[in-house]
Each structure stands twice: as C-alpha cells, then as structure tokens.
Amino acid sequence: MRNFFLFTLLIVFATGNAQSVKEHGQLQVTGTQLTDAYNKPVMLRGMSFGWHNWWPRFYNKEAVAWLAKDWGCNVVRAAMGIEPDGGYIKDAKGSTQKIEAVIDGAIASGIYVIIDWHSHNINTKEAKEFFSAMAKKYGKHPNIIYEIFNEPDEESWDDVKAYSQEVIAAIRAIDPDNIILVGNPHWDQDLHVVADAPLLNQTNIMYTLHFYAATHKEFLRKRADYALSKGIPIFISESAGMEAAGDGALNQEEWKRWIEWAEAKGISWVTWSISDKDETCSVLNKSASSTGGWKDTDLKESGIKSKQLLKSYNAQTSLSAKDLLPYGRTAITDNKLELISSAAHFSFSFEGTECLIFSSMASWQNHNYLQYEIDGVYQKRLKISKENPSPIILCAKNNGRHTVKIFKATEAHSGPIFIEKITGNKLKSIAPSPAPLIEFIGNSITCGAAADASEVPCGTGEYLDQHSAYYAYGPGVARALKVNYVLSSVSGIGIYRNWNSDGPTMPQVYRKTDFQEKSERQWNFKTYAPKIVSIALGTNDFSNGDGKKQRLPFDSPGFVTTYIKFVQQVKTIYPAAQIALLSSAMINGSNRTLLQNCLTAVKKSVDGLYPAHKPVALYFFKPMKARGCSGHPSVKDHALLAKELTPFFNNLLRRN
C-alpha cells in the first residue's frame, strides 16, 4: 500500500493553489471560501508542529524552510501548549519565543502561518494578552492566521462564543484584516451547532474542523456539509489518517475520502504533526534532525503519506478558467474563460516538456484559431475545430520550467474560443506586467485580418483562416516597447459607415463586450486604464463597397462630426488617457489628403472642447502597397507598420 496516495489528482475545485504570500498576499473570506488579495479562491495545505512544550526542538526557522521547500507546504501551524508543564501559563516568555521562531521562519520562507492557542480549556485573560501581543508584533504581515482556541472539549458553544468574541475584539483592535480561526465544542466536531448560531458582525473569520480519519467518517462530513449550506466558512486546521487518539493504523481509504472531499469543497487542510513521539500521528522518527533535511528513513508511514499529499496537491496539476489572468475583452462563461477580442491573451508557466489546453467553441462555429509563445518565442497557430477536438498538447523542446502565452488569433465576429482548463506539472498563472497599456481601436487592419496566407492561401477557406492578431501592428508596437495592449477592432467597420453598409459602426458597438449591436453584454471599462488609446478608423468610410450596392460619396462633415463624438465617448470613459488618431496606410491619392485633413479637424475640435486635457496626437502613415489577402497588409507589412509607429508611441509614453 506504499503507493496509495499517488492516486490520480483531478482537483475539482477551482483554486489558486497558493504557493507563497508574495503571490497571493492578504487573505480574506468570501462567502464560505478563503480567497486571496485578488479575490481568487485559494487553498492552504501544510503541516502542524506538535505541542511546543513537548517537541520544542523542531520550533526553528530551518525546519519551517524545509517544510516549505521539500514538502511543498504553503502554511505551517505553530501549536503553543497552554496548560501543561512548559506551556504558556507557566512560561509565557519561553513559549512565545518558540512560537515566534516558527512565525519568523514562515515569513522568511514566504508562506502562511497559523498561531495556534493549543488548549482544551478557556483562558480568556491569557489568550487576550497573548494575541494582542502577536497582533502588535506581526499583524502587519499578511502571513498571519490566528487560531484562538484549538479544541474546546466539554465547553458549550455559548461559552466558546463568549470567549471568542472577547479574543476577536482584542485582535481586531490592532489587526483588522488577518484571518481568525474559531474553534467549536467536542474537539471541533460541532459545526452543525455553529451553523445554527454563528458569530455575528465579524469579518474574515473561519470555523475549525478537526478529523482523524479512522475515527471521524461520513457523519462528520455531513455535519460540515450542513454548515457550508448555512454559509459557514470552514478551515481544517488539524487532521490525520489514524484514530482520534493519534495512534493505531492508518485508515488510508477514509483519509483519501476526506482529502478528496476537502479539495472538492475548496477547504484548506493541515496535517498533524511535526514531532517524534512513539505514536502514529507523529510523522518523524527519533533519527530526524531538528532542522529539517529529513530522508524517508526519518519519516514514519504517516510522514511519508503526508509529504506525498502535500507535494502532489500543492504542485498544481490544473488551472481552471477562473485561475487565468487574461488581457483583452474576455468573460467567464459557464465556468470557462471566453476569449472574445482579437489577440485576447493570458500567460502561465509549467514544468516538464508538455502541458494540455482544453478548449471549445460556440456550437455554430466550424473552427477557430489560437496562437502561442513558449519562453518568449512565437510558435504557430493552433486550429480549434470539431474535427480536432480538445485537448491541445503544447510541447517544449527541453525539460525545465517554461512560460506560455496564449493569444486569440481571430476577431470577436469570428466567434469566441472557450478555455476550459489547462493541465500540466506545477502550473502557475502569470499576471500581466504592471507596464503601461495601449488600447488599439480599429478595423480589419488592426485585427490582423487577411494577413497570413501561409497555411490557407488567399481566396480559399473562410475569412478567419488568414487572421493573425498576434502579428498585427498593435501587438508588434507593444512588444517593441514592452507594454501591454488590447485590441478593440472589427473588420469592415468605420466611423460613420462601414465597408459595405451604413452600420452598426464603431461608435455604436464600442461599449458592447463582443462589438455586436444587439448584444446585451456591456463591457466593463473599469477593467483597464490605458495610458494611450489609439484610434485608426476611416479606411472603410472611404471604401466604395462591393461595387454592387449603391454607395454615396464620402461625407466629410458627417465623418468629422461623428468622429468627434466618438473621441468624446472615449474621453468620457478614459479621461486620463492620451488619444492618438492614426490615418490609414491603405488610402492613397486625394483620399489620403482628405482623411488627413479630416483627422486634423477632429483634433482641432476636440482640443478646443477639452483645453485642460492632453492634446490629441496625430500620426499619418506612409503610403503602403499591401501584400496580404484582399488588399490587407501581410504579416511582413504589419512588421513595417509597427516599426514605423514605434517611435511615435514611444514619444507619447515618455511625455505621459
């Protein structure tokens, strides 16, 4: 049975699987879930030290560092004995020093730490004194979690509530934010009683559940399920696989059920204990060093299993849609990340040589395309189709840690791509850099449409088959300047009329998440705060259409008036942004001059309306003979456009 806990790890609950305080910051409680500073669900998994007064030799920074590094713990629990010899009541100073060694070690290792008042009795005065001191010294650190009563035994819930309210008030007078864990009667078994009469008017508190798998089985999980249904947040601050007395054989099947239940519910769990007593629940043998560096021969069976559990679950084998941190117009739809706009993208890292992406499309789509980088190097387009179902395997050339960026190759009107999850080894979602943001508003040129005929020749396939948003001029500029970007672009669209119709135009659809006039989804413009908003519209307003449908001559006053109103709309949304108006490299001859004059008139009018704002910037492209499909720029042409534009945007960024 030595390989029992090497079971398949399909983690059901969508969590961030916190690996460090640096990554997740200040914890909070949202509903029944522990969440991080970014409101992302997170789970803590770690080890509890044994009673400090009986196993003080393990209370040191080195042991904490070993548990974080070798066992994969993202939380440790410092169990301060209260009543026994050597406990806090008889030796407050010595007890505090031992606990602080673990706290300091956790902060140094960048993991969370539970300060556990390890008592079975009420000691209100002493508890208030101790936790007030801890809050004063450590409350500023987001690493800290206070466990104010380890395991009430025969006390009533009313007694525990009264005690808890006093201790919580003492902590909150100093530390208003860090998580507080509250115990409940009968060794943290009576969550059903808590559920019917919880503490009121408290924030960032959770209630502890303790289980020992050979004793506590389905009846206790049902109590916990009842508490969850009543909105009670639960934290398993002590658990193990043997009997409640801490000895006897491991009930491995029941332990497995408990861990899988906790994972499915998103409940953090801590295992008991780092100690070397001659009992099953003490995970170390006498041979174990006081400061870590433990080999398997230093571990009891419970230690080997606990280490396997922690390394497996904290290794992050799956990223859910909610774990991903995208840029661009996206949404969470049916628990999937919906990539909507051109070049909407996200990034993650993994270890090994491959990872899998599970994706899908809307039912009406035949196919769509993603593009991707590995370790900063562009790879290729990935076709998503009914004939080529998920998952997609991404392979790296060598073992090690790799960074992946995934981009939607096509525009919103080509249909969404849904990212369901990503699987791999030691996955980590990567947040966008804090660099400035440029939003590129435009038409098919800005989309990167019809740019890449390397796989599907021009004139064949469907319109989206030559899309390459990754290589459009906007992303090219952004990569050159090392800034962030979003594309708000639609093929064929204009300011007052489109390529072959009167609308809906960009001013009419810009506020829609998917740029569809009849869509009920409104984009939340608070999602981003661009430094620069680039608008490149006009090519389609000048178009003669398909030559079949009647097309009136270009209306200069109508174009200018509508353009001014659109710039005003954008300035209302982003009052601090620099507006930049671009001409079109595709328009030549007299129309080129006319477009430039119109944009100059728009700038003059807008600058007059907003004298206190940054003046509108203008850029007029050099004429270009496009080499892509249907008169569009090719990938090489986009590279030239990006090179031409980069100094212009660089100057704007420096001035702003």
Should the pair Arg479 and Tyr378 be classed as cation-pi, given the thresholds of under 6.0 Å to the six-membered ring centre and 45° from the axis?
no
cation_pi(Lys571, Tyr610) dist<6.0 Å, angle<=45:
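Output yes; distance and angle both within limits.
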Under 4.0 Å between a Lys/Arg side-chain N and an Asp/Glu carboxylate O for [X] and [Y]?
| X | Y | answer |
| --- | --- | --- |
| Glu263 | Arg45 | yes |
| Arg497 | Asp541 | no |
| Arg521 | Glu338 | yes |
| Glu455 | Arg381 | yes |

Can we call the ring centroids of [X] and [Y] under 6.0 Å apart?
| X | Y | value |
| --- | --- | --- |
| Tyr369 | His467 | no |
| Phe649 | Tyr619 | no |
| Tyr563 | Tyr496 | no |

Enumerate donor-acceptor pairs with a distance under 3.5 Å from any side-chain N or O in residues 481-490 to protein atoms, sequence neighbours excluded.
| from | atom 1 | to | atom 2 | distance (Å) |
| --- | --- | --- | --- | --- |
| Asn484 | ND2 | Ser433 | O | 2.9 |
| Asn484 | ND2 | Ala435 | O | 3.0 |
| Ser488 | OG | Glu439 | OE2 | 2.6 |

How would you list, by chain and number, every residue that makes a ring pair (Phe, Tyr, Trp, His ring centres under 6.0 Å) with Tyr510, sequence neighbours excluded?
Phe525, Phe566
Candidate pair Asn544 and Arg551, rule side-chain hydrogen bond (donor to acceptor under 3.5 Å, both in side chains), full reasoning
CA-CA 6 Å; Asn544 292 321; Arg551 189 78 164 168; over 6 Å; no
